[in-house]
J.: 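Before I ask anything, let me first share the structure, which is written out below as structure tokens.
To find a chain, count down the sequence lines: A is the first, B the second, and so on, and within it residues start at 1. This is a predicted model, so every value here is computed, not measured.
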There are 2 protein chains.
Amino acid sequence: MGKGSNLRTLGDFNQAVVLDAIRRSPHGRSRVELGELTGLTQQTMSNIARKLLQAELVLETGKVAQARGKPRTLLEVNPDGHYAIGVHVDPANLNFVLVDLAGHVRADRRLPTPSNHTPAGIVNLIKVTCDALITEAGIDQGRLLGLGVAAPGPIDIESGVLLDPPQLPSWHNVGLRSELREATGLHVLLDKDATAAATGELWASSERRRDFLFFYLGSGVAAGVVIGGEVIRGVSNNVGEVGEIIVDAEAEDLDYGRRGSLNTSCAPQGLVRQAVRHGLLDPPATETDYADLQQRFTRLCRLADEGNAEATAMLEASARRLGAGIALMINMLDLDLAVIGGPIWSLVRDRFLEVVPEGMKGWLVRPDAGVRVEGSIVGDRVAAHGAAALVLDHFLSAHPSVLLME
Amino acid sequence: MGKGSNLRTLGDFNQAVVLDAIRRSPHGRSRVELGELTGLTQQTMSNIARKLLQAELVLETGKVAQARGKPRTLLEVNPDGHYAIGVHVDPANLNFVLVDLAGHVRADRRLPTPSNHTPAGIVNLIKVTCDALITEAGIDQGRLLGLGVAAPGPIDIESGVLLDPPQLPSWHNVGLRSELREATGLHVLLDKDATAAATGELWASSERRRDFLFFYLGSGVAAGVVIGGEVIRGVSNNVGEVGEIIVDAEAEDLDYGRRGSLNTSCAPQGLVRQAVRHGLLDPPATETDYADLQQRFTRLCRLADEGNAEATAMLEASARRLGAGIALMINMLDLDLAVIGGPIWSLVRDRFLEVVPEGMKGWLVRPDAGVRVEGSIVGDRVAAHGAAALVLDHFLSAHPSVLLME
């Protein structure tokens with residue numbers, strides 16, 4: 001049921017709309033410009049600006065001369081107005097960023113996920129690292145809004161629980177959100193890795209980039225979907241499970257996963273398995289040590305970079321298959337931009353940006369629609385950025401997160 | 001950029017929200033109930049109710065006794081407040097409905113799409129049929145809001161043009177919207193068939209049914225996506241092209257389309273081709289006469305109903321493959337309901353509702369998530385209903401259609 005708008009709720013909403021507009025304007029905006037952008041009257045704008053200044057969420061940072069009349073004062077977001085920490089728990093790596101309200105990274109960390117870790121060990125490692133980041137950044141802890149956690153799905157968003165992520169085999173029904181709340185004393189949000197990554201990309205994007213597919217390449221593959229500036233979440237916040245899509249019906253059988261699927265074609269586990277079969281890599285001791293798998297995958301990428309023809313062919317086939325998968329999703333959702341990112345993206349970026357569009361040909365229903373493929377503008381840590389952005393959005397956005405905060 | 005809400009736009013918006021709430025309440029609502037449902041104050045509600053009564057969009061239809069105080073007057077939508085016609089141009093059939101504001105069908109027609117038709121011939125046929133429907137229904141033409149047209153994609157929504165629908169091979173860049181505007185004198189909206197069908201299903205659905213996948217089975221296959229009570233449209237209104245998705249990597253090669261895809265597995269063209277190969281049907285004279293293909297497909301369904309084992313196996317394989325496709329889309333979008341409908345749905349309904357859920361097994365990433373599969377509550381004409389609903393929504397809804405009206 002659509003809700004009507006009563007007056008009493010408009011104040012906060014409009015304040016959030018204006019803060020959003022200021023956050024997205026790196027060079028500042030005058031009150032007049034903000035009024036035009038948001039459709040608010042100048043009287044309302046002045047009141048909101050005063051409140052935002054009082055709360056130290058924005059700063060007056062300069063004046064712009066006008067052809068006529070007195071110069072206009074610019075409002076910019078106050079970077080030190082608030083902070084958030086984002087951590088991305090990938091089976092191979094833990095990525096941390098401490099960001100300020102302007103989205104700048106004030107401190108960061110990348111750690112390999114310990115082999116044979118326990119959930120309790122990871123919780124402790126996150127707590128210790130958060131403490132170190134806060135100290136290093138030298139921020140006012142009172143302005144730290146909380147900790148956002150991006151983790152492999154499926155998750156139960158109501159209870160803040162990781163259910164049974166296939167790539168964290170020792171994790172079953174781990175109440176990560178409440179355990180981290182208790183360990184760190186911070187407010188904690190939990191979200192799915194690919195959804196957080198799409199959020200991070202959207203947060204860093206300009207106003208023109210409001211509809212796109214985000215393809216996440218990490219220990220697993222998944223997709224995020226952004227429509228009209230909103231990250232689609234699904235009915236249980238588990239959107240984006242695209243690994244079972246078949247992208248090459250003629251692919252070799254790896255005795256693992258679904259033959260020719262995105263999972264087996266594009267995630268390190270499948271590619272390492274292929275490379276081992278072809279004698280390019282030594283077999284790993286275990287197939288569930290994702291930090292080790294990522295090292296082997298890195299070795300495969302290096303072989304290709306050094307000119308090894310078989311490694312090159314393998315990675316190019318992977319990119320073409322990813323192109324097929326992206327095309328199938330673009331066909332379905334009628335998007336014109338696919339953005340690729342995630343923890344292993346920088347290893348394959350140049351090769352994939354060249355080959356993926358080739359792979360899309362023959363699969364796109366409307367090949368003339370001008371679909372673009374771009375790399376993430378945030379980089380490998382995009383899911384950690386997104387997790388931090390979710391925390392800032394939860395407190396500050398005109399479209400508050402549906403996620404529950406402990 | 002999010003827009004702030006100024007007061008002057010609130011009146012119309014709130015009026016539309018209230019009308020929506022009344023339309024969705026088949027047994028009427030009191031002003032007090034509507035205030036609670038929409039979050040509006042009783043003062044605002046009374047003003048809006050007066051305006052809606054003046055415009056003859058709602059009626060006072062009775063009183064409900066209260067435990068205390070005086071009985072409350074019920075407001076119901078006035079069926080004769082407005083009308084719209086919807087036509088679904090499927091390559092095999094033309095389906096027409098004339099509906100009133102309550103969504104009741106006041107007149108309807110189903111015609112086979114003439115073989116060797118021209119676009120001009122179809123335009124004329126639509127014009128003549130609209131005239132006949134208006135006369136038959138005996139409605140006040142001044143209250144007919146317009147004609148909605150559901151047609152196979154791809155379409156150019158800006159110009160109201162059918163680009164080059166694969167199943168209407170003689171149609172290239174046909175300006176259907178303006179030609180129909182000229183021929184009928186009615187306001188005309190054009191939308192893609194599967195999107196219109198999803199709209200029709202949503203319109204007929206209760207408040208609980210706000211997120212679902214709509215799978216469209218007609219001369220072609222396609223999907224509609226409904227999220228949070230909104231039909232997803234894509235960046236060019238061509239959402240839902242899912243026919244290239246591979247649902248059986250081991251399927252037989254039909255020398256046509258992509259082997260094992262939804263297109264070749266679930267649309268009449270592929271199934272008739274299979275049946276001809278297996279000697280169950282005579283080969284058609286041409287493969288682009290979709291009315292003829294649909295008759296042959298009907299014959300195949302009848303063979304299965306009569307107990308022919310090969311025909312049964314063929315249709316069951318089709319249903320299992322559709323299940324795989326639905327599961328892949330559910331995985332991606334995290335929905336918990338798939339609704340199937342469209343022009344050929346009633347031919348396969350019982351068999352498919354039994355077998356499709358079976359086919360989903362093994363493809364669902366979260367098999368315990370309780371995904372339901374249901375048949376359309378509207379039926380074979382759901383796209384025509386949706387086309388009419390788009391017209392009513394365009395004029396009356398709180399979330400006006402983005403479609404352009406001639």
J.: To the nearest 0.5 Å, what is the distance between CE (A:M329) and CG (B:L328)?
T.: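 Output value for this atom pair is 10.0 Å.
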J.: So which part of B:L213 gets closer than 4.5 Å to some heavy atom of chain A, the side chain, the backbone, both or neither?
T.: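 Just the side chain, heavy atoms under 4.5 Å.
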J.: Nearest 0.5 angstrom please: A:E244 CD to B:M332 CE, how far?
T.: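 One gets 14.5 Å once the value is rounded to the nearest 0.5 Å.
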J.: Roughly how far, to the nearest 0.5 Å, is CG of A:L333 from CG of B:L333?
T.: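 Reported value, rounded in 0.5 Å steps: 6.0 Å.
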J.: To the nearest 0.5 Å, what is the distance between OG on B:S261 and CD1 on A:I246?
T.: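 Taking OG in B:S261 and CD1 in A:I246, the distance rounds to 11.0 Å.
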J.: Would you find a donor on one side and an acceptor on the other, under 3.5 Å apart, between the side chain of A:D334 and the backbone of B:N237?
T.: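 Yes, because the side chain of A:D334 sits within donor-acceptor range (under 3.5 Å) of the backbone of B:N237.
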J.: How many angstroms lie between atom CG of A:L335 and atom CG of B:N238, to the nearest 0.5 angstrom?
T.: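 The CG atom of B:N238 is 12.0 Å from CG of A:L335, to the nearest 0.5 Å.
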J.: Which distance, rounded to the nearest 0.5 Å, do you find between the CZ of A:R259 and the CD of B:E250?
T.: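 Between atom CZ of A:R259 and atom CD of B:E250 there are 5.0 Å.
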J.: Could you look at B:I232 and say if it's the side chain, the backbone, both or neither that has a heavy atom under 4.5 Å from chain A?
T.: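 Looking at B:I232, just its side chain touches chain A.
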J.: So which heavy atom on A:R366 is nearest to which on B:S236, and how close?
T.: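 Taking A:R366 first and B:S236 second, the nearest heavy atoms are NH2-OG, 3.1 Å.
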J.: Answer with side chain, backbone, both or neither: which region of A:D336 has an atom nearer than 4.5 Å to a non-hydrogen atom of chain B?
T.: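 For A:D336, heavy atoms of backbone and side chain both lie under 4.5 Å from chain B.
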